[in-house]
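Beneath this line is the structure, given in C-alpha cells, with notes to follow.
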Amino acid sequence: MKALVTGGAGFIGSNVVDGLVDAGHDVAVVDNLSTGRRANLPDGIALHEVDVVDGSAIETAFAAERPDVVFHLAAHIDVRRSVEDPGHDARVNVEGTINVLRAAHRSGARRVIFSSTGGAIYGDAEAVPTGEDAPIRPLAPYGASKHAAEGYLALFASLHGLSTIALRYANVYGPRQDPLGEGGVVAIYCGALASGATAIVYGDGEQTRDYVYVGDVVRANLLAAESAATGSFNVGSGVETTVLELAERLRELGDGADFVPRHAPERAGEVRRSCLDATRARSAIGWQPQVELAEGLRRTLAHVAAGMR
Ligand SMILES: NC(=O)c1ccc[n+]([C@@H]2O[C@H](COP(=O)([O-])OP(=O)(O)OC[C@H]3O[C@@H](n4cnc5c(N)ncnc54)[C@H](O)[C@@H]3O)[C@@H](O)[C@H]2O)c1
C-alpha cells in the first residue's frame with residue numbers, strides 16, 4: 001500500500017512511519033517541521049515540507065504521491081497555547097484537517113485515519129473508564145478543534161464516500177516524545193530522571209491518566225487502515241495511573257536514584273481523572289494494548305537516557 005503520513009516527522013507520526021516501513025509499505029510524509037524533526041525519519045522517505053493550512057500546497061503534495069491510505073497526525077497539540085490562541089489551533093486542526101480530507105478525496109485515497117484525542121475531548125467525565133458515547137466536554141480549544149475535525153471526517157464519508165476513522169488516543173508515551181516539550185509527563189519525567197533534575201507534580205499528584213505506549217498506537221493505526229470501520233474509537237490502556245504512581249515507577253526503574261518530585265500549585269483546567277474504555281476498538285478493529293506500563297517506561301527511559309549521552 002502507498003501511505004502518506006501527515007505529521008510523520010513528529011513523535012507518534014515517525015513511529016507510524018517506522019511501523020509502515022517495517023510492514024513493507026511505501027511511505028511519504030507531509031510535515032512543516034514545526035515540532036517534528038527530519039532526523040526522526042528513516043533514510044529514503046519522501047518529505048514534503050508543507051503546512052496543512054496551505055490547501056493548494058497540500059493538494060500538490062497529495063497529487064504527487066497519490067496515496068491509498070492517509071494517516072493524518074499533523075496538528076497543533078499545545079493545549080495551553082490553544083487557550084491563548086484558539087484561532088491558530090482551529091486553523092491547523094480544523095482547516096488543516098479539511099485540507100487533508102479534500103486532498104485525500106481528490107487524489108483518490110481509499111481511507112483516512114485521523115489521530116484524535118480522548119483525554120481532551122471528554123473533559124471531566126462522569127464514567128471512568130470513559131466510553132465513546134460519553135458527553136463531549138472539552139476543557140480547552142484543542143479538544144474542541146479535534147472534535148470539530150471528527151465531524152468533517154464523517155461529512156467527507158457521507159458526502160464523498162471517503163472511508164474515514166478517528167482514533168481517540170489516551171496519553172501516548174514512548175521513544176521520540178520530546179522531554180523538553182509540552183507533550184507528555186512521561187517524557188518530561190524521563191528527561192528529569194536521566195539528567196538528575198527534579199520532577200514537578202502539579203497539585204496533589206492524585207490526578208490520573210491513561211498511559212498508552214506508542215507501539216500500541218502504531219498497531220491501532222495499521223489495524224484501522226486494514227479495517228472498514230468508521231466512526232470514533234478510543235485507544236487507551238483502560239488503566240488509571242496517578243502522577244505520583246508514575247513518578248514512583250520511574251524512580252524504581254532509575255536504579256534507586258533519588259527521584260523525589262516537588263509539588264507546585266495545581267494548574268487550572270486540568271482534568272482530574274482521565275482513562276479510556278477501548279472495548280469498541282477491540283471489537284471493531286481487533287486492537288488491544290500489549291505493552292504494560294512498566295515495560296513501556298523501561299523502553300522510554302532507555303531511549304531518553306541514550307539521547308542524553
Ligand atoms: N501525544 C499524545 O499523547 C496525543 C494524545 C492524543 C492525540 N494526539 C494526536 O496525535 C498526533 C501526533 O501528536 P504527537 O504527540 O506525535 O505530536 P508532535 O508535535 O510530535 O507531532 C505533530 C507533527 O505535526 C507537525 N505539524 C504541526 N503543525 C503542522 C502543520 N500546520 N502542517 C504540517 N505539519 C504540522 C509537526 O511538525 C510534528 O511533526 C496529533 O494529531 C495529536 O493531536 C497525541
Side-chain angles (χ1 to χ4, degrees), residues 4-18 29-41 45 47-55 57-58 61-62 70-79 81-82 85 87-100 103 112-122 138 140-150 153 166-188 209-214 216-218 220-221 232-237 271 274 276 278 296 300:
L4 196 154
V5 183
T6 76
F11 158 48
I12 303 172
S14 65
N15 279 286
V16 169
V17 169
D18 286 349
V29 165
V30 162
D31 199 300
N32 71 351
L33 301 182
S34 54
T35 56
R37 297 167 58 213
R38 191 183 286 269
N40 284 339
L41 293 172
I45 296 287
L47 168 64
H48 297 262
E49 219 176 305
V50 171
D51 195 313
V52 290
V53 175
D54 183 344
I58 288 293
F62 276 61
V70 176
F71 298 84
H72 178 39
L73 294 97
H76 175 250
I77 68 154
D78 187 333
V79 176
R81 189 174 162 211
S82 83
D85 191 354
H88 173 73
D89 179 81
R91 275 188 294 281
V92 177
N93 292 355
V94 184
E95 196 180 336
T97 298
I98 293 170
N99 289 338
V100 166
V112 175
I113 322 298
F114 175 59
S115 286
S116 189
T117 166
I121 275 188
Y122 303 120
Y142 168 72
S145 66
K146 282 285 180 176
H147 186 244
E150 287 189 8
L153 256 74
L167 303 177
R168 292 180 177 168
Y169 307 151
N171 285 59
V172 188
Y173 73 97
R176 298 204 192 114
Q177 194 167 28
D178 183 2
L180 303 174
E182 286 296 317
V185 64
V186 172
I188 293 166
R209 295 293 178 264
D210 174 343
Y211 298 104
V212 62
Y213 186 67
V214 68
D216 282 329
V217 172
V218 169
N221 275 272
S232 303
F233 297 89
N234 287 341
V235 170
S237 72
V271 176
S274 180
L276 303 182
T300 309

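Heavy atoms only: backbone and side chains are in, while hydrogens, waters and symmetry mates are out. Atoms within each ligand, like the ligands themselves, are counted from 1 in listed order. Everything numeric in this text was worked out from a predicted model, so none of it was measured.
On a distance-only criterion, V30 and ligand 1 share no N/O pair closer than 3.5 Å. The shortest N or O to N or O distance between D51 and ligand 1 is below 3.5 Å. Considering backbone and side-chain atoms alike, G36 places an N or O below 3.5 Å from some N or O of ligand 1. Residue A74 places no N or O, backbone or side chain, under 3.5 Å from any N or O of ligand 1. For ligand 1, the polar-atom distance check against Y169 finds no nitrogen or oxygen pair separated by under 3.5 Å. Checked against a 3.5 angstrom limit, the closest N/O atoms of H76 and ligand 1 fall outside it.
In terms of modelled atom types and a separation under 3.5 Å, the side chain of K146 and the main chain of S115 share a donor-acceptor contact. Without hydrogens or angle criteria, N234 side chain to G236 main chain gives no donor-acceptor distance under 3.5 Å. A donor-acceptor contact shorter than 3.5 Å links the side chain of D31 to the backbone of A9. Judged by distance alone, the side chain of N221 and the main-chain N or O of I113 form no donor-acceptor pair under 3.5 Å. For the pair N93 (side chain) and A75 (backbone), a donor-acceptor distance under 3.5 Å is absent.
At a 4.0 Å heavy-atom cut-off, ligand 1 touches I77 through the side chain alone. Within the 4.0 Å heavy-atom criterion, the part of A170 lying near ligand 1 is the backbone and not the side chain.
Side-chain N/O atoms of D89 and H76 include a donor and acceptor closer than 3.5 Å. Counted by atom type alone, H72 and T97 present one or more donor-acceptor pairs between their side chains at under 3.5 Å.
Heavy atoms of G8 stay at 4.0 angstrom or farther from ligand 1. For the pair G184 and ligand 1, no heavy-atom separation below 4.0 Å is found. At least one heavy atom of K146 sits less than 4.0 Å from an atom of ligand 1. Not close to ligand 1: G96, with no non-hydrogen atom less than 4.0 angstrom away. The shortest separation from a heavy atom of S116 to ligand 1 is under 4.0 Å, placing the residue in contact.
Of the options A187, A57, G236, G10, the smallest heavy-atom separation from atom 21 (O) of ligand 1 is shown by G10. The residue from V235, D31, I12 that puts a heavy atom closest to atom 39 (O) of ligand 1 is D31.
Set against the non-hydrogen atoms of V50, the atoms of ligand 1 under 4.0 Å away are 32 (N), 33 (C). Listed by atom number, the atoms of ligand 1 under 4.0 Å from Y142 heavy atoms are 7 (C), 8 (N), 42 (C), 43 (O). Listed by number with element, the atoms of ligand 1 under 4.0 Å from a non-hydrogen atom of V92 are 31 (N). Taking a cut-off of under 4.0 Å to the non-hydrogen atoms of L33, the atoms of ligand 1 that pass are 37 (O). With ligand atoms numbered from 1 in the order given, ligand 1 contributes 39 (O) to contacts under 4.0 Å with heavy atoms of A9.
Every residue meeting the side-chain hydrogen bond (donor to acceptor under 3.5 Å, both in side chains) condition with E150, not counting sequence neighbours, appears here in chain and number order: S116, R168, S232. Applying the side-chain hydrogen bond (donor to acceptor under 3.5 Å, both in side chains) criterion to H147, with sequence neighbours excluded, gives no partner residue.
A 4.5 Å side-chain heavy-atom check between V29 and L41 finds at least one atom pair inside the cut-off. Considering only heavy atoms from C-beta on, V52 stays 4.5 Å or farther from N32 through its side chain.
Atoms CZ and CD1, on R176 and I12 in that order, are 12.0 Å from each other to the nearest 0.5 Å.
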